[in-house]
Amino acid sequence: MKITEIPGISPARQKALEETGVHTPMDLLRFFPRNYLDRRTVLPVANLKGIGEKVTVMGRIVETTESGFGRKKRFEAILQDESGRIKGVWFKGISYFRKSVKKGQFYAFFGTVKRYGRFLSMAHPETEQLSVNEDTSGQSFTGIMPVYPGNKFFKNTYITSGLLRKWALAALERLKPGEFLPPGLLRKLGYPERSVAFRHIHSPETPEQHSIALERFKFEELFLFELSVVTLKKEVFDKALGPVMSESRPFTSRFFNQVLPFELTDGQKKALGDVKRDIRSGNQMNRLLQGDVGSGKTVVAIGALLMAVDSGYQAVMMAPTEILAEQHYHSLSEWLQPLGITIRLLTGNQKKALRYDIQSDISGGTAHIVVGTHAIIQENIRFHRLGMAVIDEQHRFGVSQRAQLREKGENPHILVMSATPIPRSLAMTLYSDLDLSVIRDLPPGRKPVKTRVVSEKNRKKVHDFLKEQLGDGGQVYIVYPLIEESEAMDLKNATEGYDQIRVEFPGSRAGLLHGRMSADEKEQVMRDFKENRIQILVSTTVIEVGVNVPNASVMVVEHSERFGLSQLHQLRGRIGRGARQSYCLLMTDVKQSKEARSRLGTMEETTDGFKIAEADLKLRGPGDFLGTRQSGLPEFRHADILTDQYLLEQAKNMAFELLEQDPELDHPELSALKKAFLPYLEKKKKFFQMS
Ligand code: ADP
Ligand code: MG
C-alpha cells in the first residue's frame, strides 16, 4: 500500500513527509508523538479560577477584536458558554487566527487559564471549531491529543498534529500490523497487542494506556536486541576456543611477589582473577577491563601478558598513540627485563633496519611481549605464537581492530581496557560481545585533585601560584586545545603560550609537546619532563591518555570551555599521581555556554570518573559521548539506554530465558518472532564481521 492512498496526503505533503523520513504507511505508524495534551477536563467558564489550570472550555465566539501595532499587535476572541466568558489572546500568527476563529461559531479552547482583574483569558489556546452546538466532534477535541514533532516542511504544507494522527490511524486500519512478541510474554508483561498499542500511541484514551503502549514498543526493540546478544554470545563468542594457559605461572608469581613494589587493590585482584579463570576455561577470553584513570589497569594488563608468556605464548599490548606505547614499553622493560623476558616496541615510524629486526623477532618468537601502536595489526606483522592481546584505551579503537588482532594468532585471548567508565547497562549494551571487569577502587593514599575554574582576569594570581609550586619542587602541565592559531578563532596556541611561559618563568625550564613533532622529539620532551629536566610542559592534548609523571602536581587547562567533560577528566588524571597535593586550574573567559558552565561545574564538584561519565552522557547523549568510532551503538527508536535500564535488564532476562528453552525459536508460537528476528540478527553479525 502506498502512502498516497491515505486520504489527505497530496504530492506536496508526501514530499514533506519524505523529508522527515516518513515514506510508507508503516513509517507513519512509527512516527510517534513527542508529547500529549490532556484535554479531558471540560469546565464551565464560571468554574475557572484563573490560577494557571489547564482546561478545555467550549462555547460560542461572541466577539473578536484586533488591536495594537507592530510587535504589540494582538488578536482577541471572546468565548461564551452558559456560565460566563473567557478571552483567547493571540500575539503571533494573527492573520491565520483572524480567519480561523470566527464570530458566531462554536469552538473549543484548550489552554492555561489566567485571571487579569475580572477577566479570564488564555494565551494562544489550542482551538478547534465545533460543527454543532457543543458535543459531537467536540468529543475528539476533549480527548488526549498527540503532538507530533514538527518541522518547516510540515508547516509549509499545513501538516498538523491532528492530520498526522488521522493518517496514522488510517494507516493502522489498512495495515493491521501483526504481533510478533510471544503471547505468553505479552500476558506476563501485561502489554497490549501490537496493533492496539499503535492505537494507544496515536490516540490514547488515558495517560496510562499511552505509557504502557510506549513501554511495549521500547521493550520490543530491546528484546530483539537482547535476543541477538544472547544468540551471538552462545553461537559465536562462547564457542570460540582459546588457548588453555597453564596452571603454573613462574613469571607471573615472581612479578607480583618480588618485582611489583606495592600491594594490589581489591579491584585489581578481582580483575586478575577474572582473567585467570577465562584463560583456563578453554574458550577465548573477550573481556573489557574498566577502571578510572589512575586505577592501575596497567598492572592487570601486565599480569595477563605474563600468564601467556608463562604458557609459552607471545603477548601484545596495543596503545592508541606512540607516546603511550613508548611509556608502556619503558615501564614493562623496567619491570620485566630483569625476569629475562624480551620486550619489543613496534611503532609506525621506525627505521627500516630496526623494523626488520623487530619483525623477525616477532615472527621467530624471540620477542615474548610486543608493545606498540596499531602498527601491530599491519599485514606484514606475523607472530610466532600469539596467545594474548591487550588493547589499552580501547575507545580509541573500533570493533574491526579487535577482529584484526584476533586474526594475528590462533584465537588469542583479548583484554581491552578503558578509562571511560560507563554505566554497566550501557557497557553491556555496547560491548555485548565482551565480559566486564570493573576496578572501582583507586590505589591507597591518593589525594583528590583540587579543581577550580579560574577566569582570565585572575591570570596573574595563577602565575604567582605556579611560581610558588615550582619553587616548592613541583612540575606543571599547561594544556592547550589547538596546535596552531586558526584564523577563525582567536585562540592562543600552545606554541605562543610556550614562548610566553618562557618569558614569565625564567627560573624554570619549559618544554613544548604537540602532535606535529616527530616521535623522537616527543619522546625526548616527555623523558625530560619525567626526569624533571623540564618543569613546565606546555602541550596540546597529546598528553591526554595514560602519561604518568607522579611529581607533576599542577595542571592548567587553557580555554577549558572548549574541552569535553570526559576529556577534561582524562587530562586531570595526569596529576594527583604522587604524594603532593595536586591542583587543576580550568582557565576560561567570561562568556560560556550554559552547557560549558555545567561541564566545568561538574569538574569542580567531583573527581569520581563514574559520576563524570554519567554527567557527560547526559549532556551529550550516548552517540556523541562514545564518539564516531563506536558505530556499534545500537540505534533504538524509543528506548533510551540511560533511562530505561530496568527495561533493558528485563528484556535481557526474558531473551535469555526464551533462548534457554528454545534456542532455535522453533515453537509454532514463536514463528512470527523468528521471522522478525532473523534479519535483525544478520545485521548484527555483519557488524561484528562474522558473516
Ligand atoms: P590507569 O588505570 O590509568 O592506566 P596506571 O596503570 O597508569 O593507571 O596506574 C597509575 C599509577 O598507579 C601508576 O603509577 C601505577 O604504578 C600506580 N599503581 C597501580 N596500582 C597500584 C597499587 N595497587 N598501589 C599503588 N600504586 C599503584
Ligand atoms: Mg592507562
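Ligands are counted one by one from 1 in listed order, and the atoms in each one are counted from 1 as well.
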Using the ring of Phe255 (Phe, Tyr or Trp, six-membered ring only), decide whether Arg249 places NZ or CZ under 6.0 Å from its centre and within 45 degrees of its axis. no
Any heavy atom of Asp392 sitting closer than 4.0 Å to ligand 1? no
How does Arg446 reach ligand 1, if at all, at less than 4.0 Å between non-hydrogen atoms: by side chain, backbone, both, or neither? side chain
Test item: Gln581 and Ser553 side chains (from C-beta on) under 4.5 Å apart, heavy atoms: no
Sub-4.0 Å heavy-atom contact, Gln327 with ligand 1: no
Side chain, backbone, both or neither: which part of Ile439 has a heavy atom under 4.0 Å from ligand 1? neither
Ligand 1 contact by Gly294, heavy-atom criterion under 4.0 angstrom: yes
Is there a polar contact, in the sense of an N or O pair closer than 3.5 Å, between Val299 and ligand 1? no
Quick check on contacts: which atoms of ligand 1 are under 4.0 angstrom from a heavy atom of Asp292? 2 (O)
Looking at ligand 1, would Ser295 count as a contact under a 4.0 Å heavy-atom criterion? yes
Could you check if a side-chain atom of Thr451 sits within less than 4.5 angstrom of a side-chain atom of Arg572, using non-hydrogen atoms only? yes
Are His514 and Tyr480 close enough that their ring centres sit under 6.0 Å apart? no
Which ligand 1 atoms, with their elements, are less than 4.0 angstrom from a heavy-atom of Thr298? 4 (O), 5 (P), 6 (O), 7 (O)
Minimum distance, heavy atoms only, to atom 2 (O) of ligand 1: which one of Gln268, Arg577, Glu263, Lys297 is it? Lys297
So for atom CD, which belongs to Glu595, do other residues, nucleotides or ligands contribute more than 12 heavy atoms lying within a distance under 6.0 Å? yes
Can you tell me if His569 and Asp292 form a side-chain donor-acceptor pair at under 3.5 Å? yes
Tell me whether Gln350 at atom CD has more than 12 heavy atoms from other residues, nucleotides or ligands lying less than 6.0 Å away. yes
Which of the atoms of ligand 1 are close to Thr265, meaning less than 4.0 Å from one of its heavy atoms? 23 (N)
Those atoms of ligand 1 less than 4.0 Å from some heavy atom in Leu264: 23 (N)
Evaluate the criterion ring-ring contact (aromatic ring centres under 6.0 Å, His included) for residue pair Tyr313 and His413; output intermediate values, then yes/no. CA-CA 11 Å; Tyr313 285 95; His413 296 294; 8.0 Å; no
Taking NZ, NE, NH1 and NH2 as the nitrogens, is one of them in Glu247 or Arg280 under 4.0 Å from a carboxylate oxygen of the other? yes
Can you list the atoms of ligand 1 that are under 4.0 Å from a heavy atom of Val293? 3 (O)
